[in-house]
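Being a predicted model, the structure only gives us computed values, none of them experimental.
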Amino acid sequence: MRWRSVKEKNKRTGRKIERPEWDEYFCGIARLVATRSTCLRRNIGAVVVKNKQVLATGYNGAPTGLTHCDVKGCLRDKLGIPSGQRHEICRALHAEQNAFLQAARHGVSLEGSTLYITTRPCSICAKMIINAGVKKVVFEGEYPDELALEFLEESGVELRKMRS
């Protein structure tokens, strides 16, 4: 694995060690979380962090107890709906939504947190990010929803793409 690293000296041994920077570390966790996705189109992972502590994680998939997309099939694919459109007919929740719901179930406030996500948020998730009090979004891949960018910019949420 290649990452942008921080070279530090071990205080006890004096040897140099190499570790990922914090953003790369949390993006790596988001990539791992995405491996649980059951979506046929995209595998997305999200990690909500505050003070370098993971508050919640989520991946895109059907709600608890419902048949997963990889078994049931994708209605949006069957209807030929392009990516970024008609979210309401999708069986799955987005990774951000599942992370936020996990936090809510456990009484965890996301105020002032950072969201690390494998793909830039859609406009629905952007609105949730704003109202959840998330202050920064770090993402890797693009998503075709320009309205989300407008919402996040207008609200003052910092949006940053990780370099490949």
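- Between Arg19 and Glu24, no side-chain nitrogen of the basic residue sits less than 4.0 Å from a carboxylate oxygen of the acidic one, so the salt-bridge criterion is not met.
- Contact check for Phe151 versus Val157: no side-chain heavy atoms found under the 4.5 Å cut-off.
- A 6.0 Å sphere centred on CD of Glu153 holds no more than 12 heavy atoms belonging to other residues, nucleotides or ligands.
- Between Glu140 and Lys161 the shortest heavy-atom distance is O-CE, 3.0 Å.
- With sequence neighbours excluded, the residues forming a side chain to side chain contact (heavy atoms under 4.5 Å, CB included) with Thr67 are Val71, Lys72, Arg91, listed by chain and number.
- Here the CD1 atom belonging to Ile129 is positioned 12.0 Å from the CD1 atom belonging to Ile124, to the nearest 0.5 angstrom.
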In residues 101-112, what donor-acceptor pairs under 3.5 Å come from side-chain atoms, sequence neighbours left out?
unit_1: Gln102; atom_1: OE1; unit_2: Thr57; atom_2: N; d: 2.8
unit_1: Ser109; atom_1: OG; unit_2: Glu111; atom_2: N; d: 3.2

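- For Thr38, the side-chain hydrogen bond (donor to acceptor under 3.5 Å, both in side chains) criterion is met by His68, not counting sequence neighbours.
- Put simply, the side chain of Met128 does not reach to within 4.5 Å of the side chain of Glu96, judged on heavy atoms.
- In the hydrophobic cluster analysis, where Ile, Leu, Val, Met, Phe, Trp and Tyr join through side-chain heavy atoms closer than 4.5 angstrom, Leu159 is grouped together with Val48.
- Contact detail for Ala95 and Ile117: the closest heavy-atom pair is CB-CD1, 4.5 Å.
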**Study point:** side chain to side chain contact (heavy atoms under 4.5 Å, CB included) between Leu79 and Ile89, intermediate numbers included
**Key:** CA-CA 10 Å; Leu79 297 174; Ile89 64 169; 3.9 Å; yes

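- Atom SG of Cys122 and atom CG of Asp145 lie 6.0 Å apart (nearest 0.5 Å).
- Hydrophobic clustering (side-chain heavy atoms under 4.5 Å, transitive across Ile, Leu, Val, Met, Phe, Trp, Tyr) keeps Phe26 apart from Leu55.
- Annotation: side chain of Thr35 is in contact with side chain of Leu32 (closest heavy-atom distance under 4.5 Å).
- Checking Cys69, Cys90, Cys39 one by one against Asn60, the side-chain contact (heavy atoms from CB on, under 4.5 Å) holds for a single residue, Cys39.
- In this structure, Trp22 and Tyr25 have perpendicular ring planes: the angle between them is above 60°, well past the 30° mark.
- Side-chain contact check for Glu154 versus Ile130: every heavy-atom pair is 4.5 Å or farther apart.
- The distance from atom CD1 of Ile29 to atom OG1 of Thr118, rounded to the nearest 0.5 Å, is 13.5 Å.
- Taking every heavy atom of both residues into account, Arg76 and Gln85 meet most closely at NH2-O, 2.7 Å.
- At a threshold of 4.5 Å between non-hydrogen side-chain atoms, the residues Ser37 and Ile44 do not count as touching.
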Point to revise | side chain to side chain contact (heavy atoms under 4.5 Å, CB included) evaluation trace for Val134 with Phe100 | key: CA-CA 10 Å; Val134 173; Phe100 294 173; 4.0 Å; yes

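- Between Leu115 and Ala46 the shortest heavy-atom distance is CD1-CB, 3.9 Å.
- Remark: Glu21 CD to Cys27 SG distance equals 11.0 Å, nearest 0.5 Å.
- The two residues Ala126 and Pro121 come nearest to each other via the heavy atoms N-CB, 4.4 Å.
- Looking at every heavy atom in both residues, Tyr59 comes nearest to Asn98 through O-ND2, 2.8 Å.
- Put simply, Tyr116 and Val54 are part of the same group of oily side chains (I, L, V, M, F, W, Y) that touch within less than 4.5 Å, one to the next.
- Taking the six-membered ring where the residue is Trp, His94 and Tyr143 present perpendicular rings, their angle passing 60° and hence far from 30°.
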